[in-house]
Q: 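Once you've had a glance at the structure underneath, I'll fire off some questions.
The basis for the numbers below is simple: all heavy atoms, side chains too, and nothing from hydrogens, waters or symmetry mates. The model shown is predicted, which means the values in this text are computed figures rather than measured ones. Residues: numbered from 1 along the sequence shown.
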Amino acid sequence: MKTYLFVCCAVLFFSINLKAESKLELNYYGQSSESLSLDIIKNETRYNYREVDTTCTRQIPHTEEVCGYETHYRQGPCHWEAGEEVCRTEGGGRECHWQPGRTQCRTNHSGQEVCRDLPGHQICENKPGQRVCHTTPGRQVCPQESYEVYECHDETTYTTETYACTQTVAEPYIVKRKVNAIVDLGFKSLDVSEPKFLVILELEQSGNIKISAVNKASKSALMFAKSNIEIDDAGDEDITVKGKISAKVVDKETFLAPVTKGIKSVKLSTKGISFIVGKIRNKKMISVSMKIIKKGFIGIGRHKVIEKKLKAEDFDITDVNGKSKLHLKAEKFSDLPKEGKKYLVSIELKMDTSKDLITPIKGELKTSFEEKIKTK
């Protein structure tokens, strides 16, 4: 106990007297709060504007009369065009049908009847097309004919002219501004008795504060953090940042139980489907992809009950012996399963911890189940 108090006091003394920097590390041993100062120099680009003498150009229009022959069109004499026979080929091509399997029997030299099953197969044949003809009706045709007319019209052309002018030029320069941040951290250990983390905070030029953590204890644990950052960037003075970060520590094995314990006790009925997974601590991180189908024979009799991605909120979740039982009512199905029939049930449960987790986990967090189940 004395050792623990000495460590906490040492950490507190270290935090108070630590010179402000853009990146700091602190050791978390179970203390409830910490207060840190961070600063960084921000390079801000600004501009001076001034007028400079230069040469500009402009387009000067000129109008002149242009004459020449122009082509026009008018309706010429009409004539009658008789109808004609138009033919095309319809149908034909390669047609196929399925020849079902059959049993073939014969008598061998010993007088015994021997049978064998012949598999079904596809039979195809080429069929000629049918020639179909029809006669188009006659019609009156009046073609257009061209003629030339000598015409004159005004045409505008342009020449480029230069002239002396002034132009506004932007000249960039760098202003260094100091970003000062005060960060208050609050810690809560939910189910870890002796937590030990290295917590890293880094202040960016934008005023944003990045936080990450590394578990240093022998027992696996996770740390989640939510940040509330306020940035005061008024005027040309230093930029002030106030940050409040709430961190929570959880036992890794306990928290990831929904994907590490597997999917058990899957039951399908006409009223819905239920299954059991490890205890769910945060419903918002859970999603379930579910597919329930009866395939049928050669596509005949196929029956799809459901095929969609669901949220944990779509299920009724209850505690069963320290685990979570998820029940999806039949009203969420596309169609009701038939009693006494077998269905292929596929379930994939995923956990998304990417939002607030600051101790990253490698790989995708998921568990799956697939099996034929008879409806009760």
Q: Looking just at side-chain N and O atoms, do Thr160 and Gln59 make a donor-acceptor pair shorter than 3.5 Å?
A: yes
Q: Under the disulfide (SG to SG under 2.5 Å) rule, what pairs show up with a residue in residues 151-261, not counting sequence neighbours?
A: Cys56-Cys165, Cys67-Cys152
Q: What residues, two or more places apart in sequence or in another chain, satisfy side chain to side chain contact (heavy atoms under 4.5 Å, CB included) together with Thr240?
A: Asp232
Q: Under the criterion side-chain hydrogen bond (donor to acceptor under 3.5 Å, both in side chains), which of His303, Lys294, Lys372 is the partner of Tyr343?
A: His303
Q: May I ask you to check whether Lys176 and Asn43 show a side-chain donor-acceptor distance below 3.5 Å?
A: yes
Q: Drop me the distance from Ile245's CD1 to Lys226's NZ, to the nearest 0.5 angstrom.
A: 13.5 Å
Q: Return the CD to CD distance between Glu155 and Glu64, rounded to the nearest 0.5 Å.
A: 6.5 Å
Q: Test Ile306 against every option in Leu328, Ile273, Asp335, Val345 by the side chain to side chain contact (heavy atoms under 4.5 Å, CB included) rule and name the one that passes.
A: Leu328
Q: Is a donor from one side chain sitting under 3.5 angstrom from an acceptor on the other, for Thr318 and His327?
A: no
Q: Would Thr71 and Glu148 count as a side-chain hydrogen bond (donor to acceptor under 3.5 Å, both in side chains) if you check the C-alpha gap in whole Å, the side-chain angles of each, and the deciding distance to 0.1 Å?
A: CA-CA 5 Å; Thr71 301; Glu148 302 289 330; 2.9 Å; yes
Q: Ignoring hydrogens and geometry beyond distance, is a side-chain donor-acceptor pair present between Glu339 and Thr375 at under 3.5 Å?
A: no
Q: Going by heavy atoms in the side chains, are Ser32 and Phe187 under 4.5 Å from each other?
A: no
Q: In terms of side-chain heavy atoms, does Glu85 have a donor or acceptor partner in Thr135 at a distance below 3.5 Å?
A: no
Q: Would you mind listing every disulfide (SG to SG under 2.5 Å) that reaches into residues 212-251, with sequence neighbours excluded?
A: none
